[in-house]
Number of protein chains: 2
Amino acid sequence: MNANAKDLDLYLEELKSIVKKRGLKYSLQREQILKVLFNAQKHLTPEEIYNEVKKENSTIGLATVYRTLSFLEREEMVSSISFGSEGKKYELNRGEHHDHMICIKCGKIIEFFDEELERLQEEIAKKNSFKLITHQMNMYGVCKECQE
Amino acid sequence: MNANAKDLDLYLEELKSIVKKRGLKYSLQREQILKVLFNAQKHLTPEEIYNEVKKENSTIGLATVYRTLSFLEREEMVSSISFGSEGKKYELNRGEHHDHMICIKCGKIIEFFDEELERLQEEIAKKNSFKLITHQMNMYGVCKECQE
DNA sequence: TTATGTGCAAACTCTTTGCATTACC
DNA sequence: GGTAATGCAAAGAGTTTGCACATAA
């Protein structure tokens with residue numbers, strides 16, 4: 001059992017406990033969708049998730065993917081991001097908050113976390129009597145590779 | 001002639017010069033859409049813009065609004081923002097860049113500008129060899145009024 | 001057993017496109 | 001007069017919903 005497999009188990013446990021807490025049911029589909037999100041090294045569209053799950057479970061429906069993503073987002077296990085004219089993309093919440101640098105050439109999304117940025121926002125919110133819940137900082141530009 | 005009327009004229013002049021530069025044509029519809037964006041005190045959906053223009057010009061088509069918004073965004077006269085499950089909303093670019101605080105209760109968008117935030121981003125981009133072009137910082141939370 | 005989840009298809013919303021007509025230059 | 005813009009309707013994309021059936025608890 002490697003570290004990754006262990007981590008996945010933790011997510012599956014979390015899913016089980018949420019499902020139980022809400023009096024809902026655990027299903028293979030929910031597990032498969034979560035697994036795909038876990039294994040992805042990037043943000044995925046519902047369509048991409050659907051195609052990925054389909055490799056293991058040819059009968060899954062796209063509607064199930066949409067329903068599951070809404071459910072997982074409501075339960076804060078995944079987050080979505082959308083930019084430009086592209087649709088929503090989803091990622092698994094891996095604990096700590098982060099922001100995004102988005103390459104306008106290749107579409108790659110680079111995640112980052114900056115302590116000072118977090119502090120600064122709190123300050124700006126306070127200054128405006130705004131009760132901050134979450135934020136999304138998206139920086140658009142050209143990634144290192146695409147500059148060459 | 002008040003200050004506002006003067007400002008609007010400047011935007012109309014800018015539109016005329018862009019249209020000329022591109023070898024395109026000036027139209028009443030483009031002018032009316034720009035005027036609506038100028039008068040709006042908030043971000044507008046294409047549908048809202050369409051309804052607003054319709055009050056003065058009952059034959060305008062929704063497709064024209066979409067086409068004009070794409071055009072104005074391409075020419076950097078307007079910007080769009082989209083959040084949550086809501087569609088895109090548009091605003092006139094009034095010269096200086098700003099970020100947004102979005103109230104999750106009433107949907108209000110509060111604009112702000114913070115010098116230090118701008119500086120910090122440049123720094124983060126540089127640290128990651130990312131060529132920054134623009135950014136969007138969206139802070140989600142509850143506005144002063146909705147906290148009461 | 002019984003309520004929830006699923007798959008399918010239809011419906012819906014938002015946006016884009018083709019085309020004949022209009023209007024700008 | 002020639003070309004771009006418009007309005008309309010139809011087509012597309014992305015997403016949601018209704019319903020019968022399957023399945024977890």
Side-chain angles (χ1 to χ4, degrees), chain A residues 12-13 15-36 43-75 77-78 80-90, chain B residues 12-13 15-36 43-75 77-78 80-90:
Chain A
L12 296 178
E13 284 311 318
L15 176 58
K16 272 175 200 158
S17 108
I18 287 170
V19 158
K20 187 174 233 171
K21 188 171 67 187
R22 298 269 181 262
L24 303 176
K25 289 169 185 168
Y26 195 78
S27 73
L28 177 62
Q29 290 85 340
R30 284 175 177 171
E31 180 173 319
Q32 290 174 320
I33 289 165
L34 187 59
K35 218 178 264 185
V36 166
H43 295 62
L44 299 174
T45 62
E47 191 80 30
E48 287 170 332
I49 294 166
Y50 170 69
N51 287 324
E52 205 55 41
V53 173
K54 210 156 196 192
K55 291 178 186 169
E56 298 224 324
N57 175 357
S58 65
T59 64
I60 194 170
L62 186 50
T64 299
V65 174
Y66 276 101
R67 282 186 284 231
T68 301
L69 288 172
S70 297
F71 168 70
L72 291 174
E73 190 168 25
R74 209 178 323 121
E75 297 297 336
M77 282 198 73
V78 311
S80 64
I81 178 177
S82 90
F83 65 94
S85 52
E86 295 184 31
K88 272 193 186 180
K89 292 184 174 184
Y90 292 82
Chain B
L12 296 178
E13 284 310 317
L15 176 59
K16 272 175 199 160
S17 108
I18 288 171
V19 157
K20 187 174 235 173
K21 188 172 65 187
R22 298 270 181 260
L24 304 176
K25 288 168 185 170
Y26 195 79
S27 73
L28 177 63
Q29 289 86 340
R30 285 175 175 170
E31 180 173 317
Q32 288 174 322
I33 289 166
L34 187 59
K35 220 179 262 184
V36 166
H43 296 62
L44 299 174
T45 63
E47 192 80 30
E48 288 169 331
I49 294 166
Y50 169 70
N51 288 325
E52 203 56 40
V53 173
K54 211 156 195 190
K55 291 179 185 168
E56 298 224 322
N57 174 358
S58 64
T59 64
I60 193 170
L62 186 51
T64 299
V65 175
Y66 277 101
R67 281 187 283 231
T68 301
L69 288 172
S70 297
F71 168 71
L72 291 174
E73 189 168 25
R74 208 176 326 120
E75 297 298 335
M77 281 199 74
V78 310
S80 65
I81 178 176
S82 91
F83 64 96
S85 53
E86 297 184 30
K88 272 194 186 179
K89 292 184 174 185
Y90 292 82

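Every chain is numbered from 1, with letters handed out A, B, ... down the list of sequences. Computed from a predicted structure; not experimentally measured.
Between B:K89 and B:H43, the shortest heavy-atom distance links the atoms CB-CB, 3.7 Å. In terms of heavy-atom proximity, A:V78 sits nearest to A:L69 at CG2-O, 4.1 Å. Here the closest non-hydrogen pair linking A:E73 and A:S80 is OE2-OG, 2.7 Å. The two residues A:V53 and A:I60 have their closest heavy-atom pair at CG1-CD1, 3.4 Å.
Nearer the 5' end of DNA chain C, as judged by each residue's closest nucleotide, is the contact made by A:S58, out of B:S70 and A:S58.
Proximity of a side-chain donor or acceptor of B:R30 to a complementary backbone N or O of B:K16 within less than 3.5 Å is not detected.
Here D:dA5 presents its C1' atom at 15 Å from CG of B:L69, a figure rounded to the nearest Å. Going from atom NZ of A:K54 over to atom C1' of C:dG7 covers 11 Å, rounded to whole Å.
Counting only heavy atoms from C-beta outward, the side chains of A:Q29 and A:N57 approach each other to under 4.5 Å. By the 4.5 Å heavy-atom criterion applied to side chains, B:L72 and B:Y90 are not counted as neighbours.
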Pairwise N/O distances under 3.5 Å, protein to nucleotides 17-20 of chain D:
unit_1, atom_1, unit_2, atom_2, d
D:dG18, O6, A:R67, NH1, 3.4

Identify all pairs in which a protein N or O lies below 3.5 Å from an N or O of nucleotides 22-25 of chain C, and state each distance.
unit_1, atom_1, unit_2, atom_2, d
C:dC24, O3', B:Y26, O, 3.4
C:dC24, O2, B:K25, NZ, 3.2
C:dC25, OP1, B:Y26, N, 3.0

Can you tabulate the close N/O pairs, meaning under 3.5 Å, that link protein atoms to atoms of nucleotides 13-15 of chain D?
unit_1, atom_1, unit_2, atom_2, d
D:dT15, OP2, A:Y66, OH, 2.3
D:dT15, O5', A:Y66, OH, 3.3

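Electrostatic pairing of A:R22 and A:E75 counts as a salt bridge here, judged by a charged N lying under 4.0 Å from a carboxylate O.
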